[in-house]
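In what follows, a structure is listed as structure tokens, so that the remarks can point back to it.
All figures in this text were calculated on a predicted structure; none of them were measured in a lab. Quick note on labels: first sequence line is chain A, next is B, and so on, each numbered from 1.
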Amino acid sequence: MKKYDHKAIERKWQARWKKTSLYKTPDKAKGPSAAKAKEGKKENFHLLVEFPYPSGNLHVGHWYAFAVPDILARTLRMQGKNVMYPIGFDAFGLPAENAAIKNKLNPRTWTEKNIAYMTKQIESMGTSFDWSRKVVTCDPAYYKWTQWLFLQLFKKGLVYRKETAVNWCPKDKTVLANEQVVNGKCERCDSEVVQRNMLQWNIKITDYADRLIDDLEPLDWPKEIKDSQRNWIGRSEGAEINFPLEFEKKNGPKPNYLILHGWYKDSAAGAFIPWLKKALEEKGFEVQAPNLPNPENPKEIKQVADVLNTCTIDEHTIIVGHSLGGAVALKVLEKINRPIAGLVLVAPAMNPSVQGAKKRPFWKHFNWDIDYERIKKLVRFSAVLCDLQEGAPRVPYLKTVAQKLGVALIEGNASEEHFFGKEEPMILMSLLPHITVFTTRADTLFGGTYLVLAPEHPWVALAIDDKHDVLTNKAEVKAYVEKAKKKTELERQTDDKEKTGVELKGVKAINPTTGAEMPLWVADFVIGSYGTGAVFADAHDERDYAFAKKYDIPLKETLEPVVVQGAGPDAFHTKEPAIDRSSILAIVKHWSEEKYLAVRFKPTDVRGGVSGGVDGAEDPIAAAKREIAEETGYEHARFIRKLGGPIHSKYYSQKYGNLFVHFTPLLFQLEDEARAEISPKEKEEHDISWLTKEEFDAFINREDMRIAWSRVHGEMCYAGKGMLFDSGEFNGLTSDEAIPKVGAKFGRVVKQYHLRDWIISRQRYWGVPIPMIHCPKCGVVAVPDKDLPVKLPEVKDYLPEGTGKSPLAKARKWLDIQCPVCGGKAERETDTLDTFVDSSWYFLRYTDPKNKKKFADAKKMANWMPVDLYSGGAEHTTMHLLYSRFWHKALFDLGLVKDAEPYLRRMNHGVILGPDGQKMSKSHGNVADPDKLVEQLGADTVRMYLAFIGPYNEVASYPWNPDGVVGIRRFLERVCRASEYVNPASVAALDPLLHKSIKKVGEDIAALKFNTAISQLMIFLNGVEKEKKLGKTQWEQFLRLLSPFAPHLTEELWRERRKTSIHVEQWPTFDPAKLVNESITIAIQINGKVRADVQVPADADKEAIEKAARATVAARLEGKEILRTIVVPGRLVNFVV
RNA sequence: GCCGGGGUGGCGAAAUUGGUAGACGCGUUCGACUUAAGAUCGAAUGUCCGAAAGGAUCUGUGGGUUCGAUUCCCACCCCCGGCACCA
């Protein structure tokens, strides 16, 4: 072929492939053959690309996302895999709705028109998508199953409603998505956006936080994506610690306690009850601890009746139930109608239906039908205490009880299993007023001198409400809290870097380690939604330190610095033991000027003041004076003061190995300039100079000296980890050793996450209606499966209603519905689902896109899941990938899918930027439209160029620059011309190059390095042009290598000789015997510099190579002695002279 | 601040158990063909010195290990992405 008419060729073959359904993935998928299954090889390959949003027009980025992975799809197919390469449209979302509002269009019409247009464009790329599997999320046949899956999660208890702040535009009277808020203002009307609380649907992704982190490990994903997900989830391990509160005002209403004992220790004289009673009474509380009737054979009705008859229960009562007493307490609550203060269940008895729970005789008489919702309304606060020593099934069971009561389970270790100890501090703590704090630094607990609460902290809300009167500065606190709540999160962060806060006067917290009183503060730098919304503050945190200094709150140091000196070979060798030493650090002031004595230890360039060892029982001050004299010669140093506590340094010394040195930092001033001669050895080792404060500051390069130096000028804060002192039994431990120990002793070990639950409510029209019904009688009821899908109703206009509800609230007829439970009047939910829900399972639908009975058939899913390779943009690294992983895990737990992870391998491709280097967007006006280029040069050229610009599997960004595209076009034209050289007989000289190319192109495609695969194809063609001839078999092998890149042109050239499509051909294999050339080039180096090269036979041995090399550079070697010769066969010879 | 990725010609880039740095392509220059332009073909092309032969030098900067470092180690600088008052 002489002329390359890309238009005709592409039109012809696209039509032909479509007509013959060339890329339809076999419906009845091949399972792995027995032999291949044994090797762990699958014949099916699910190659997934992120499906596009139908914005209306394809840009270069789409080509990059779809046409480049197509190369891999085609290659794998030729290599015998059954490849599914599906496509669809993520068709719900905001742009359609905005277009609808703007142009008074139906969003469905707008979307469908775009889909039709974009489908044509995608087809023009020559991709091998299987269109018969197309999935469109706004199709009721699809979203029926989105709704159904959502309901499965709801039924599993993963869905709940919660008051959540949303962006509210007061002028448009509508909820705004984050992307509609620009600099805190409404995108449309420019008015100030405010935060407003609304009931929103949430999904408990946080329940899966641990698994979402832990299951990342084995996945074949790039490290940066895994790290980014871990970072986003933000797990930190720490401890929750309770700080009891004490009040100045003693006149408020007091709780009273009713303690119900368990069964085994059959009375109120058993277990912890006498101790607890005494402890509470000592604090002035009234306590009732009745003996329940028939303890040896307890009966529910009798025990409950006894409690109701003999005990006083009022609104101040807190009922404490231990073991069976916990179950009794629940039944007591069923019988009373007035609210009580609290309910504390201590390891309550288990429902016998729980798997693994043993049947007890009294359960015959016990009715386990407990109305937790009613109890929740009756009780102001509740708590469930769990002893972790008990393990399963009690611990998971108590978790569900706590969940039903709407509280977090309090886990810890009782002093005896099941709280049978005589003294159980965990229980007492839960009964007294207290603040719970989360910390990752329990090691500083002994030094905690104040607490800081977030303005949103529930205890703060109680303390400033009308019913309570515990604060002596209530008005001041109230004003601060209200001001803080008005600020948005953004303002809080950016407003003023200076932290503000107000003390809560009239109340003190007690440090559980020391019993010391700690003031309470409220400050808006503490985040209400993280941890417990409260922190304890100490001297070893920069923020706490600064805040305490600002408000003059006392601090207490409990950490001595521990520093590891140096790096590299001089660093502390962590695996080897260390020798302990005592030493001094001395900072020496000039006798008359504001200057300091700077000493540099020359051999290692350590720079600071004077330092040296303390000999035996020597006094540190005397030792320091001795060292000053020895190192510097100055004779009259006067001791000024100690510079804080000791500083511990770990470092490595050539002489002694690992050292752990405990330095005493000291400040001296010279009395005069008297200076003796110093020893020659010292002179050689030390440089001495006088530096000003600023110079000295820049001079110091050892960390311990820097800490000592900082104390000369009074900065006391040591932020970081260190060694504990003034911390009771934990003295002398390092922070890392102490953190778990202190946490376990004074609190309980817990994990916290930055990840928040997934808010899936959208007050939007163009989305999947949330299939829920609100019944005034029955509450929130799920739409029955038989009524799915809940179709989107038609509405007149798509503007939100103005009440904060979605436009669906305008569809009156649609809104009214019978309650599926009671048949009474009810209303539909008007929120729609976040579109991330749609995209959390679309790849499952690809496996069985037309199924009317199920979201997908299990067997068909098994053929294709998990996804073998998922290619997409870096922008989906956290949100989409995390949400869909979570969704898949939830379905896995429900038994609906067979894998816990949806994607075996993930790669992020780079971004094609606009020609100006900016991100492509309509507002920038820099959207590169490839249509013209395709028109001029052809689809094959454009897709191949995109594959050529750089490695595909690296997150890089390329400004769209079509300058180089002509190179690819020239290459394809040369391929056309090369077809003229084809002879029947093979050209032997081309064989090594051809086989090398087969090898490299295959390897590079597998590694997603399409750019170097193409360069190898070019190298081969260059070789062909040099020979000006080519064998028919060689030509066809080359065409097959090229066919994934240029499917149209290669098909055309192939069909010059063949009847069937090149795209059903086998991938060529290389012959290792043909890889080697007869002779190879060896580089000759002298002292590592290349001086010449020499041709040697490929099979030459070391001696032969060396001989040849020596002969080649004989002239250069003349008169020089060769000290050493290094021969690297196949590469080089290096003569060292 | 924390986490991650990166820094190589005029440009996109290549090179990994440490072994000829700059493959392949774009661009540029010269030549052939042409009345001419374009297309095509051939040659050259990191930088500096040199007419040339040749020499020096070069993978962000500085240091180290090595016969030999883009590659390994240490320190630092810069760019990009993510998270960020997270206790």
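- If you take NZ of A:K721 and P of B:A87, they are 11 Å apart, rounded to a whole angstrom.
- Relative to the six-membered ring of A:W221, A:R885 meets both conditions, a distance below 6.0 Å and an angle of at most 45° to the axis.
- The list of salt bridge (Lys or Arg N to Asp or Glu O under 4.0 Å) pairs with a residue in residues 436-450 of chain A, not counting sequence neighbours, reads A:R441-A:D443.
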Short N/O separations, protein against nucleotides 62-68 of chain B, under 3.5 angstrom:
from, atom 1, to, atom 2, distance (Å)
B:C67, OP1, A:R1124, NH1, 3.0
B:C67, O2, A:N1134, ND2, 2.5

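- For B:G4, the paired nucleotide is B:C80, the pair qualifying as Watson-Crick or G-U wobble because both relevant distances are below 3.5 Å.
- Nearest to the side chain of A:K1009, among B:A15, B:A87, B:G82, sits B:A15.
- For the pair A:E1003 CD and B:A15 C1', the computed distance is 15 Å after rounding to whole Å.
- Comparing A:G967 and A:D538, the nucleotide of RNA chain B nearest to each residue sits closer to the 5' end for A:G967.
- The partner of B:A23 is absent, by the rule that a Watson-Crick or G-U pair needs both atom distances under 3.5 Å.
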Scan nucleotides 4-13 of chain B against the protein and return all N/O pairs shorter than 3.5 Å with their distances rounded to 0.1 Å.
from, atom 1, to, atom 2, distance (Å)
B:G12, O2', A:I949, O, 2.4

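- The partner of B:G31 is B:C41, judged by Watson-Crick or G-U wobble contacts that both fall below 3.5 Å.
- When distances are taken from the side chain of A:I527 to each of B:A23, B:C26, B:A87, the shortest belongs to B:A87.
- Checking B:A21, B:A15, B:A87 against the side-chain heavy atoms of A:Y530 singles out B:A87 as nearest.
- A:N1134 and A:R1124 form no side-chain donor-acceptor contact under 3.5 Å, judged by distance and modelled atom types alone.
- Rounded to whole Å, atom P of B:U20 lies 6 Å from atom CG of A:L1132.
- A straight line from NZ of A:K550 to P of B:C85 spans 18 Å, rounded to a whole angstrom.
- Residues passing the ring pair (Phe, Tyr, Trp, His ring centres under 6.0 Å) test with A:Y958, sequence neighbours excluded: none.
- Distance check on atom P: B:C78 versus B:A14 gives 26 Å, rounded to whole Å.
- On the C1' atoms, B:G1 is 49 Å away from B:C49, given to the nearest whole Å.
- Remark: A:K499 is positioned above the aromatic ring of A:F525, its terminal NZ or CZ atom under 6.0 angstrom from the ring centre and at most 45 degrees off the axis.
- B:U20 atom C1' lies 14 Å from atom CD1 of A:I1086, rounded to whole Å.
- Atom CG in A:L937 sits about 14 Å away from atom C1' in B:C26, given to the nearest Å.
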Output a table of nitrogen or oxygen pairs between the protein and nucleotides 55-59 of chain B separated by less than 3.5 Å.
from, atom 1, to, atom 2, distance (Å)
B:G55, OP1, A:R1116, NH1, 3.4
B:G55, OP1, A:R1116, NH2, 2.8
B:A56, OP2, A:R1091, NH1, 3.2
B:U57, OP2, A:K1089, NZ, 3.3

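- For A:V535, the side-chain atoms get nearest to B:A87 when compared with the rest of B:A87, B:A21, B:C83.
- The CZ-P distance, from A:R441 to B:A87, rounds to 11 Å in whole Å.
- When rounded to the nearest whole Å, the span between CD of A:E542 and C1' of B:C86 equals 16 Å.
- Atoms CG and OH, from A:L1049 and A:Y4 in turn, are 4.5 Å apart once rounded to the nearest 0.5 Å.
- For B:C72, the paired nucleotide is B:G64, the pair qualifying as Watson-Crick or G-U wobble because both relevant distances are below 3.5 Å.
- Anti is the conformation of B:G46, whose glycosidic angle sits further than 90° from 0.
- At a threshold of 4.0 Å, the pair A:E1003-A:K999 counts as salt-bridged, since one of the basic side-chain nitrogens sits closer than that to a carboxylate oxygen.
- For the atom pair CD1 of A:I71 and CD1 of A:I1014, the computed distance is 5.5 Å after rounding to the nearest 0.5 Å.
- Comparing atom distances between the A:F525 side chain and each of B:A15, B:C85, B:C86 picks out B:C85 as nearest.
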(request) Take nucleotides 39-50 of chain B nucleotide by nucleotide from the 5' end and write B, S or -, depending on whether a protein heavy atom sits under 4.0 Å from the base, only from the sugar-phosphate, or from neither. (result) -SS---------
